[in-house]
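Below is one structure; the comments refer to it alone.
Just so it is clear, the structure is predicted and the values come from calculations on it, not from any experiment. All residue numbers refer to positions in the sequence shown, counting from 1.
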Amino acid sequence: DAAADLGMTTGALKVAILKAVSNGESEFKAAAVVGPDGTLLMPTAEERRLLHEFGKEVLVVTEPEPGRYVSMTIFELLPFPFEHLGEHYE
């Protein structure tokens with residue numbers, strides 16, 4: 001798929017976040033990405049970055065193996081957001 005090769009796809013989580021924001025939401029407590037088979041997937045790098053914009057404590061729920069669920073904060077998934085990288089290396 002040419003669009004996927006160019007990074008021009010948009011995942012459901014990003015669409016859901018942007019739709020919520022356009023409807024006036026400004027806080028998110030948790031997020032999950034559900035795959036086609038119903039398992040909970042890790043958010044993409046772009047989705048992690050977007051979630052991080054709403055605070056370090058946003059909870060992400062994943063399913064690394066069938067029936068085993070793991071919850072972690074977005075900060076645990078993305079501890080060094082891009083705009084803050086320089087501060088950690090000075």
Side-chain angles (χ1 to χ4, degrees):
D1 178 68
D5 292 339
L6 296 173
M8 295 169 38
T9 60
T10 300
L13 179 58
K14 181 179 178 183
V15 171
I17 292 169
L18 295 177
K19 179 66 175 168
V21 169
S22 73
N23 285 334
E25 295 295 329
S26 60
E27 295 181 26
F28 295 93
K29 293 184 181 187
V33 177
V34 181
D37 63 355
T39 59
L40 300 180
L41 307 173
M42 279 286 190
T44 66
E46 181 180 16
E47 292 165 340
R48 293 176 196 194
R49 175 95 166 103
L50 185 58
L51 283 170
H52 201 286
E53 296 295 324
F54 296 94
K56 296 182 198 179
E57 298 305 316
V58 175
L59 193 64
V60 176
V61 182
T62 64
E63 188 178 3
E65 54 190 61
R68 186 171 76 87
Y69 301 96
V70 175
S71 300
M72 60 191 78
T73 66
I74 194 62
F75 182 74
E76 292 173 302
L77 286 174
L78 185 63
F80 302 106
F82 297 89
E83 70 271 6
H84 301 295
L85 259 178
E87 295 173 14
H88 296 284
Y89 294 100
E90 291 179 3

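Of the inter-residue distances, the one linking Lys56 atom NZ with Thr73 atom OG1 reads 9.5 Å to the nearest 0.5 angstrom. Put simply, OG1 on Thr44 and NZ on Lys14 are 8.5 Å apart, with the number rounded to the nearest 0.5 Å. One distance of note links CG of Leu18 with CD of Glu25; it measures 13.0 Å at 0.5 Å rounding.
Side chain of Glu53 to backbone of Leu50: no donor-acceptor contact under 3.5 angstrom is found. Between the Glu47 side chain and the Leu51 main chain, no donor and acceptor come within less than 3.5 Å of each other.
Leu41 is connected to Leu13 through a chain of hydrophobic side-chain contacts under 4.5 Å among Ile, Leu, Val, Met, Phe, Trp and Tyr, so both are in one cluster. The hydrophobic cluster containing Leu59 does not contain Leu78, counting ILVMFWY residues as joined when their side-chain heavy atoms lie under 4.5 angstrom apart, directly or transitively. Following chains of ILVMFWY side-chain contacts shorter than 4.5 Å, one cannot reach Val61 starting from Phe28, and the two form parts of different hydrophobic clusters. Met72 and Ile74 fall within the same hydrophobic cluster, where Ile, Leu, Val, Met, Phe, Trp and Tyr residues are linked whenever their side-chain heavy atoms come under 4.5 Å apart, directly or through other members.
Between Val34 and Leu40, the closest side-chain pair of non-hydrogen atoms falls below 4.5 Å.
Heavy-atom contacts from other residues, nucleotides or ligands closer than 6.0 Å to CD of Glu65 number more than 12.
A tilted orientation is assigned to the rings of Phe75 and His52, their planes being inclined by 30° to 60°.
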